[in-house]
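For reference, the structure discussed in these notes is given below.
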Amino acid sequence: MATQKGKKTVLKFDSEEDVANALAKYTADLSDKFIKDKGSFTVVLSGGTLIDSMRKLVEKPYKDSVDWSKWWIFWVDERVVPLDHGDSNYKLASDGFLSKVPIPSSNIYAINDKESPEGAATDYEARVKQLVESKVLPLSAISGFPKFDLMLLGMGPDGHVASLFPTRSQRHEKEGLVTFITDSPKPPPPRITFTFPVINSASEIAMVITGAELANIVDVVLGSGLAADGIPPPATEVSAEEELTWFLDKDAASKLETSE
Ligand SMILES: O=C1O[C@H](COP(=O)(O)O)[C@@H](O)[C@H](O)[C@H]1O
């Protein structure tokens with residue numbers, strides 16, 4: 001399990017709707033803070049249910065109050081499929097979020113979908129390094145890895161985050177920024193993903209978890225940290241440099257409440 005560097009906060013809400021409202025305010029407040037402090041806001045998205053949980057951010061008042069022109073968008077993981085494919089995390093975010101707000105298209109870092117998984121990972125890592133060179137992304141003074149302002153993450157029922165799965169070696173990568181997988185246990189098999197050193201160098205991380213099917217793994221990750229097979233779920237390794245905030249609805253927190 002990673003050592004928590006920054007604060008860890010667990011927020012529980014009565015409904016998924018309340019999570020969506022709180023997540024929108026949290027994200028808009030961080031956007032204001034980072035843009036005031038450094039003139040830009042670098043945001044890393046996951047796929048899955050996260051994008052639907054972000055729906056309130058593209059409604060009033062945030063749609064009009066957030067300075068979208070200063071946003072930069074990245075993906076914590078991506079399925080290696082065409083960007084217009086139904087499995088693409090880019091398409092999911094594009095349809096549900098990016099198409100609704102005026103983020104400059106040159107600030108949106110989709111993968112190169114013409115590449116193999118290995119080629120797409122190499123390409124994405126090179127493009128992130130270029131942004132370090134051009135001072136869009138700073139390096140963490142703690143880890144030396146690129147430091148994003150905010151990562152918005154989901155979690156699977158096996159405790160995977162990004163495309164870092166319990167029984168796959170990518171979760172142990174300590175050198176690279178971006179790695180690839182060709183046998184993801186969750187379809188589709190070919191994916192690229194940020195590594196834990198990059199994820200854990202972010203200033204702020206939100207783990208956004210809703211639904212009863214995630215109650216057991218939430219209890220494991222925020223409780224004992226060990227799954228029934230004795231393997232720590234990857235989500236136990238997530239930590240932020242400033243603050244890791246868990247957004248849980250009542251259903252996802254249901255086992256946690258009984259064991260606390
Ligand atoms: O495959 C993926 O799964 C995780 C979790 O998805 P969810 O639907 O359970 O929220 C997601 O965070 C990741 O980005 C995606 O590629």
Side-chain angles (χ1 to χ4, degrees), residues 13 16 19-20 23 27 43-55 57 73-98 108-111 113 117 120-121 124 148 150-168 170-171 173 177-196 198-200 202 204-222 227 233-238 240 244-249 251-255:
F13 297 90
E16 191 277 337
V19 169
L23 182 66
T27 307
V43 179
V44 181
L45 303 174
S46 57
T49 51
L50 184 264
I51 300 300
D52 188 46
S53 299
M54 291 177 72
R55 64 190 179 277
L57 192 60
I73 296 288
F74 304 85
W75 276 267
V76 73
D77 74 321
E78 180 57 286
R79 292 89 178 273
V80 183
V81 293
L83 294 178
D84 60 359
H85 190 281
D87 284 334
S88 162
N89 284 343
Y90 166 83
K91 177 173 165 46
L92 184 72
S94 185
D95 292 349
F97 171 52
L98 301 172
I108 296 177
Y109 276 67
I111 67 161
D113 63 350
Y124 210 70
F148 294 90
L150 172 64
M151 296 221 180
L152 295 167
L153 305 183
M155 174 176 73
D158 58 355
H160 82 266
V161 288
S163 285
L164 300 165
F165 292 90
T167 57
R168 296 294 185 271
Q170 289 78 8
R171 67 179 294 186
E173 172 62 44
L177 276 53
V178 184
T179 187
F180 69 99
I181 178 169
T182 53
D183 64 347
S184 161
K186 176 177 175 181
R191 294 156 172 249
I192 70 166
T193 180
F194 276 146
T195 60
F196 269 125
V198 173
I199 293 173
N200 292 344
E204 306 282 338
I205 299 179
M207 292 285 296
V208 185
I209 317 295
T210 58
E213 64 284 5
L214 294 172
N216 282 332
I217 193 68
V218 166
D219 183 38
V220 168
V221 172
L222 292 176
T236 59
E237 295 180 40
V238 175
L244 165 62
T245 307
W246 286 74
F247 290 79
L248 304 173
D249 72 349
D251 291 339
S254 56
K255 295 274 168 49

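Numbering of ligands and ligand atoms starts at 1, following listing order. Computed from a predicted model, the values in this text were never measured in an experiment.
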Pairs involving residues 185-195, ordered by first then second residue, that meet salt bridge (Lys or Arg N to Asp or Glu O under 4.0 Å) (sequence neighbours left out): Asp77-Arg191

Sub-4.0 Å heavy-atom approach of Asn89 to ligand 1: yes

Min side-chain heavy-atom separation Pro166-Arg171 under 4.5 Å: yes

Close-contact set for ligand 1 against Asp77 heavy atoms, below 4.0 Å: 13 (C), 14 (O), 15 (C), 16 (O)

Contact atoms of ligand 1, heavy-atom distance to Gly48 under 4.0 Å: 6 (O), 7 (P), 8 (O), 10 (O)

Pairs involving residues 85-94, ordered by first then second residue, that meet salt bridge (Lys or Arg N to Asp or Glu O under 4.0 Å) (sequence neighbours left out): Lys91-Asp95

Closest protein heavy atom (residue, atom, distance) for atom 6 (O) of ligand 1: Lys186 NZ, 3.5 Å

Nearest-contact summary for atom 9 (O) of ligand 1 - protein heavy atom, Å: Met155 O, 3.4 Å

Protein residue, atom and distance nearest to atom 1 (O) of ligand 1, heavy-atom basis: Arg79 NH2, 2.9 Å

Qualifying residue, where the test is side chain to side chain contact (heavy atoms under 4.5 Å, CB included) with Met151 and the options are Leu244, Val198, Val238: Val198

Residue His160 vicinity, atoms of ligand 1 by number, heavy atom under 4.0 Å: 1 (O), 2 (C), 3 (O), 4 (C), 5 (C)

Sole candidate of Thr27, Ile205, Val76 that passes side chain to side chain contact (heavy atoms under 4.5 Å, CB included) when paired with Leu152: Thr27

Aromatic plane relationship, Phe148 with Phe194 - under 30° parallel, 30 to 60° tilted, over 60° perpendicular: tilted

Ligand 1 atoms in contact with Ser46 (distance to a heavy atom under 4.0 Å): 12 (O), 14 (O)

Gly47 N/O to ligand 1 N/O under 3.5 Å: yes

Those atoms of ligand 1 less than 4.0 Å from some heavy atom in Thr49: 7 (P), 8 (O), 10 (O)

Atoms of ligand 1 close to Arg191 [distance to a heavy atom under 4.0 angstrom, numbered from 1]: 1 (O), 2 (C), 16 (O)

Ser88/Arg79 under side-chain contact (heavy atoms from CB on, under 4.5 Å): CA gap, chis, key distance, verdict: CA-CA 6 Å; Ser88 162; Arg79 292 89 178 273; 6.0 Å; no

Ring centre gap for Trp75 and Tyr90 strictly below 6.0 Å: yes

